[in-house]
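Taking it in order: structure first as structure tokens, then the write-up.
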Amino acid sequence: MLDAIRYLVDNGIKWRAMPADFPPWDRVYAFFRRWRENALVKEFHDRLRGRVREKLGRDAEPTAGVIDSQSVKADAVVGADSRGFDGGKLVNVRKRHVVVDTLGLLLGVMVTAADVGDRTAGQDPLVQVADAHHRLALVWADGGYTGSLVEYCLATLALVVAIVKRSDDQKGFVVLPKRWIVERLFAHLMRTRRLVRDFERRTSSAEAIVYWSMILLMTRRLARSRPQPA
């Protein structure tokens, strides 16, 4: 079952196009739905993230993170209630709001319509991440998260949201401190074919697919053999 879902996420196939080497597609989807509804995929993902952090010499629980959003074109199956117009990119899309640790590993994700502003949509994932990771004390963000969200996080969550702004005199592409970490995660997600476009009818399914994509990444890292001493 795990291999079947990994194959679907990595190769972007339809559920009904599941190869004959795997169980029937409806059984695989039932497994996916059960793990989604009972938050088992998130629990599985979080345990792997702790293992990866420890393998890299870090504590399993992060103390700092980065938040950002990514607009993704929505397929025709996505209903009008969960898609919106992105004024910056002039397309009708969904938006993924993610929080990552300083290694670029996912801490939390929420999928919304693209017309929901970062300042508004950023509150829920930050609350979820702060509740799950009590050592988290600092989150870097871009200018879209300024204002009331910064004050709310400090007063309610005891969480400092530090805004990393682009200098007015900078021209062209410039790598900004800390913000490149979350951009690296977005680059990984776009290498997972199921996430190149949002094909999920439900936002909860879209969030689950993001977790499965990161499970792919982390299991590959953990499976690499350790270098032998010289």
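Residue Trp15 forms a ring-ring contact (aromatic ring centres under 6.0 Å, His included) with just one option from Phe199, Tyr29, Trp25, and that option is Tyr29. Checking Val100, Val98, Val72 one by one against Phe186, the side-chain contact (heavy atoms from CB on, under 4.5 Å) holds for a single residue, Val98.
Using a distance-only test at 3.5 Å, with no hydrogens or angles considered, no donor-acceptor pair links the side chain of Asp10 to the main chain of Arg6. Checking side-chain atoms of His188 against main-chain N and O of Ser213 turns up a donor-acceptor pair under 3.5 Å. A side-chain donor-acceptor contact under 3.5 Å links Arg49 to the backbone of Leu106. A donor-acceptor pair is defined here as one N or O able to donate and one able to accept, closer than 3.5 Å; such a pair exists between the side chain of Asp59 and the backbone of Glu61. For Thr120 (side chain) and Val116 (main-chain N/O), no donor-acceptor pair under 3.5 Å exists by modelled atom type.
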Which is it for Asp115 and Arg83 under the salt bridge (Lys or Arg N to Asp or Glu O under 4.0 Å) test, yes or no, and what are the steps along the way? CA-CA 8 Å; Asp115 54 2; Arg83 63 193 297 163; over 6 Å; no
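Residues that satisfy the side-chain hydrogen bond (donor to acceptor under 3.5 Å, both in side chains) test with Arg47, not counting sequence neighbours, are Glu43.
Under the 4.5 Å side-chain heavy-atom criterion for Ile, Leu, Val, Met, Phe, Trp and Tyr, Leu138 and Leu126 are members of distinct hydrophobic clusters.
In this structure, a donor-acceptor pair under 3.5 Å is absent between the side chains of Arg94 and Thr112.
Counted within 6.0 Å of CZ on Arg119, heavy atoms from surrounding residues, nucleotides or ligands total more than 12; the atom is thus considered enclosed.
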